[in-house]
Amino acid sequence: MLVRSALSWVPRGPRRDARRLTGPALGRRAPALLGAALALSLGCSGAAPAPVARPARVVKTPPAQPKAPEGPPLLPARVIAELDDEDATPYFARRGDEALLLHAAGGRFRTRLLGADGAPRGDAVDAGPVAADVPVAALRATPQGYIAAWIEQIEGSRAVRVLALDPAGKPSAPASLVAQTAEEISWLDVLPNAQGALVLWEMPREAQGDAARAGVAHPGVDRVDVVMTVVAQGKGAAIKPTAPASVAREVLGWNAVATERGAAVALVLPPAAPRGRGEGKPARKAEAEDAAEDGKLGSVALLEIDAAGKVSAPVVVSPEPTAQIDLEIASLGGRYLLTWTDERDIDGAVYLAAVEPGGKVVVAPRQATPPSGEQALVSLVAPSQGGGGRALLAWEDLLRARGGEVGGAGARGPGRLIHLASVGPDGALGAERAGLVFSASGPPDIAADGDGFAAVTLAPATLKMARDGAAAPPVWPTFVRFGPDLSVRAAEPVRAAPFAATDGVPYLVRGLTCHAGACATLASAAPGPQPGGAAGAAGARAPLALVSLPVRESAWRAPAFREDKDPPPRATAVRALAEGDSVAEVAAVELDGGAALSAWVTYFVEGASDAAPRGQEVSATLAVRAVSPGGLGKLSVLSQKASSLGGVAIAAAPPLPADAKGKGAAQGESVIAWVARERGETQVYLTKVDATGAKVAQKKLTTAPRKKQGGAASEASDVAIAYDGAGGFIVAWIDTRDGNAEVYAARVDRALNRTAPDRRITNAPLDAAEVQIAVRGQEVWLVWSDARTAGGAAAGGAAAGGAAGQAGAAAGAGAAGQGGAVASGGAAAGGAAGQGDEPGGDIFLARLDAKTLQRIGDESRLHASSEHSRSPVLAPLEGGLFVGWIDEPADESGGGAGAGGRARLVRVDGNGAVQGPPVVVSGPDGAAVSSLALACDKICRGVLASAPGDSVELNAFTLAPGDVSAPSLKPLAWLTGGASQDVSPAFAGRSGASLFFADDAVSGSGRVRWMTITWP
């Protein structure tokens, strides 16, 4: 399943192996796949592949396939040549109503002229000898005919040759040797103009001089020199290439577009000095990572070459040294449109800029699409002549529903989803969006098609009438033709009679072209004996066919659809708030005006880090960041001595009322509850922050003695906090100060002074964990997971009397854990202390008086089961609240939770009574649910995290009060982290419009993300 092409090229250069450019959605840039592709699609007999090849648009059909659907007709096709296993790469170019095929056979180049209908016009023409090793070639139409150029190996050296062909495909003269060198030549292209053509090629280089000494470049990270020759092509005369001349030296990447005046070349220039640490990264990690990446990102520049080969000075288009090397350029509306993947923010994003001839930047670099997590540019396709004046931008989002899981795209599967949008000369994207399924690495083959576009992709082949749940469909090359509004005009698998031995499906498909409303693609069978043919036939040759791609009624389901018609719920934007160590827990709260605060604590395993400065103690990092419709606020690191097991919680209070003099708080304040670890002991802390996330005050809530003679120190964990509606806050947490892990609560005023002593809420023989809190009027409601058995100290529970903890106000404390280096991340922390080995647990509820924190009535068990119930969430609702949690079946030994978790949701009325049986929500395809977020106003909205494959998927659902059946799930996003990750989703506010969660980037670094969601 490779996608590679010699027909249109993508810039190459050092690949970002570790960050953002690997993984299922970005495998198109993996160096190993690129080398394999070059050997497959561009190599000749025994050829050693170039060190790095551009991703090319050759679709290879997977060898193992399910049974083919029967019935639909084959596509029209004409066999135009036969290929053998030594000369297997054809090249194709259109020139008006005619086209020319160039391929190698028997050690000779051969051409064949084709008519508008694909029919051969005459016999093949001998165009001269071909070397045994031709890794890269190009064929382009010119006003005078055609020009072919290629790289060949000559006795240990590399050479560039150019051949001029007349309109019938006959050579004007023998091929000319343009350049020969002992150094590597890795790529070339032909850029036609009115007088002839410019032939450009690249030569890999390692950074030299000051750049190398500054550490900007790194071993194994190549740069390239771009070199050119001018080819003048007179009528009937031999070409006269000029001596090779330099275009650019030691650039990271480049791309070029032909113009009537010559060519425009876009460049990614290496940075002159290491870039500064970006916001969102803790200092120590950012400095090391940024230093390692400085040689892999650069600034964007543009230069022009006239038809005589005069090179203009480069004009800087984007000075920020944050561009990846996947730069594309197209000529559009008298301007040059440039696009690339940019990393000036935490997530990679697709950027656009427009430049007029002469170098004036008329559209400054800007993000092309709404933020959606990590993005990657796929391609930029210029419109056809007279085709409407809009180009097509294709990109990929890593945090989006996959191709096989969205409306109209067919059965679920591992296919990628390529997003498509038209773009004008002003760099603005059209409102219409399309999605294209692509079940392979590399970019699909896309071409302009009149006023629309066409694509050849690799996707599951299913009939429109196929039943859901049927056997897995075969994955075949499939074409799609789009209208100007990106609606699907036609779509069918590429199947033709010359490939009857393989159900009509070719082995390779490449070279998509369209002209005057007709589209076609080259298709070939695998060289050698064909299935169903004579076994062991020596010298068997594979047919090469030109397959027509008509607009006609089809029984096949299209692997493409209009995305802008996708009904909600759907993610509208995803932004990264921070990058660093893996994240243990995320919390969020809604502020006025659509703003929100998110706080998080990272994973830290004690003893796993030796990165702390001498004399400083570090643990997990606690940080907070404000968000609003206008953008992101400043990242504030509150402590680097936090406990991962302590968790984090946040609650907001409204502004203070004005006093008699008209003075009052200008804005609301929020309080973050967390646990600090100092000198081996954990205590609960409260930090007050303003609406920007800046720290206003901080105090220690607990002062319990933790160290015990001859035993482990007691621990505080699993904090929760809520505004009490009367100017103060109620805090709950899990504490082992009395042996078992029990639920404790305390109350503080707005100044964080304690107004009630620590109160032990539970008294059970086994451990409690993961307490959550909500305030309803004069009552405080707590829910938690408890390991007590159904027959133990029970649903009624023993009264927990008095103040079991420390009385009085906590001693004032300074800023806990400020300063110091960030702790390195470790393995995921477990549950509350002592709870992980218990056989199970149920969800319990208790009601407290908000002033005294005395219990109102007995504890109640919300649902009794043999499963392990964990991770409860609360969502207040008129007349009560909804409680959700995760149930995991116990393993066969009965010792702990097994696989296959699911969510349960239950409504509780104002008296704490359960209303009906829980609603059970399973993950897609029965996948285990790992976490849950819930928000309720008139209805409830939820997000499930599950892992149906090798990564986490977020699915949205809605649930109305009184519903008893499981709600349907709608995919929101596939995350980039591993399937075992707990992403800790949390809504800010009751509308469910803002979701915050953790995710590991492709590189493995932890990220906190903010997703905005549109609901029905």
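Values below: every heavy atom of this structure, side chains too, minus hydrogens, waters and symmetry copies. Along the sequence shown, the residues carry numbers beginning at 1.
Residues Leu429 and Leu352 form a side-chain contact, since some pair of their non-hydrogen atoms from C-beta on lies under 4.5 Å apart. Residues Asp306 and Arg261 have side chains not in contact (no heavy-atom distance under 4.5 Å, counting atoms from C-beta outward). Leu632 has its side chain within reach of Arg575: a pair of non-hydrogen atoms, C-beta onward, lies under 4.5 Å apart. Within the 4.5 Å cutoff, side-chain heavy atoms of Asp347 are placed close to those of Arg1007. The side-chain heavy atoms of Trp340 and Val268, taken from C-beta on, include no pair separated by under 4.5 Å. No side-chain heavy atom of Phe438 sits less than 4.5 Å from a side-chain heavy atom of Leu436. Side-chain contact between Pro314 and Leu303: present, with at least one pair of heavy atoms (C-beta onward) separated by less than 4.5 Å. At a threshold of 4.5 Å between non-hydrogen side-chain atoms, the residues Val224 and Val251 count as touching.
In this structure, Glu579 CD and Leu635 CG are separated by 11.5 Å, a value rounded to the nearest 0.5 Å. The line from CG of Leu302 to CG of Leu267 is 7.5 Å long, rounded to the nearest 0.5 Å. Taken from CG in Leu522 to OG1 in Thr513, the straight-line distance is 7.5 Å, to the nearest 0.5 Å. Interatomic distance, Leu380 CG to Leu327 CG, rounded to the nearest 0.5 Å: 10.0 Å. Atom OG1 of Thr976 sits about 12.0 Å away from atom CG of Asp397, to the nearest 0.5 Å.
With sequence neighbours excluded, no residue forms a salt bridge (charged side-chain N to carboxylate O under 4.0 Å, His left out) with Arg366. Residues that satisfy the ring-ring contact (aromatic ring centres under 6.0 Å, His included) test with Trp201, not counting sequence neighbours, are absent from this structure. The salt bridge (charged side-chain N to carboxylate O under 4.0 Å, His left out) test applied to Glu183 returns Arg205, not counting sequence neighbours. With sequence neighbours excluded, no residue forms a salt bridge (charged side-chain N to carboxylate O under 4.0 Å, His left out) with Arg95. Under the salt bridge (charged side-chain N to carboxylate O under 4.0 Å, His left out) criterion, Asp426 pairs with no residue, sequence neighbours left out.
Looking only at atom types and distance, the side chain of Arg344 has a donor-acceptor partner in the side chain of Ser318 under 3.5 Å away. No donor-acceptor contact under 3.5 angstrom links the side chains of Glu328 and Thr339, judged on distance only. In this model, no donor atom of one side chain and acceptor atom of the other lie less than 3.5 Å apart for Ser312 and Glu304.
The stretch residues 349-362 participates, sequence neighbours left out, in no side-chain hydrogen bond (donor to acceptor under 3.5 Å, both in side chains) pair at all.
Taking all atoms of both residues into account, the shortest heavy-atom contact from Ala354 to Leu337 is CB-CD1, 4.2 Å. Of all non-hydrogen atoms in Ala149 and Leu188, the two that sit nearest each other are CB-CD1, 3.7 Å. When all heavy atoms are compared, the tightest approach of Ala973 to Met1011 is CB-CE, 3.9 Å. Considering every non-hydrogen atom in both Phe453 and Ala448, the closest pair reads CD2-CA, 3.7 Å. What you find for Gly196 and Thr142 is that their closest heavy atoms are O-CG2, 4.2 Å. Taking all atoms of both residues into account, the shortest heavy-atom contact from Val230 to Gly309 is CG2-CA, 3.5 Å.
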TODO: Test salt bridge (Lys or Arg N to Asp or Glu O under 4.0 Å) on Glu432 and Arg562 and set out the steps.
DONE: CA-CA 7 Å; Glu432 299 85 4; Arg562 278 281 295 273; 5.2 Å; no
TODO: Starting from the C-alpha separation in whole Å, work towards a yes-or-no answer on side-chain contact (heavy atoms from CB on, under 4.5 Å) for Met228 and Leu191.
DONE: CA-CA 10 Å; Met228 72 168 178; Leu191 305 174; over 6 Å; no
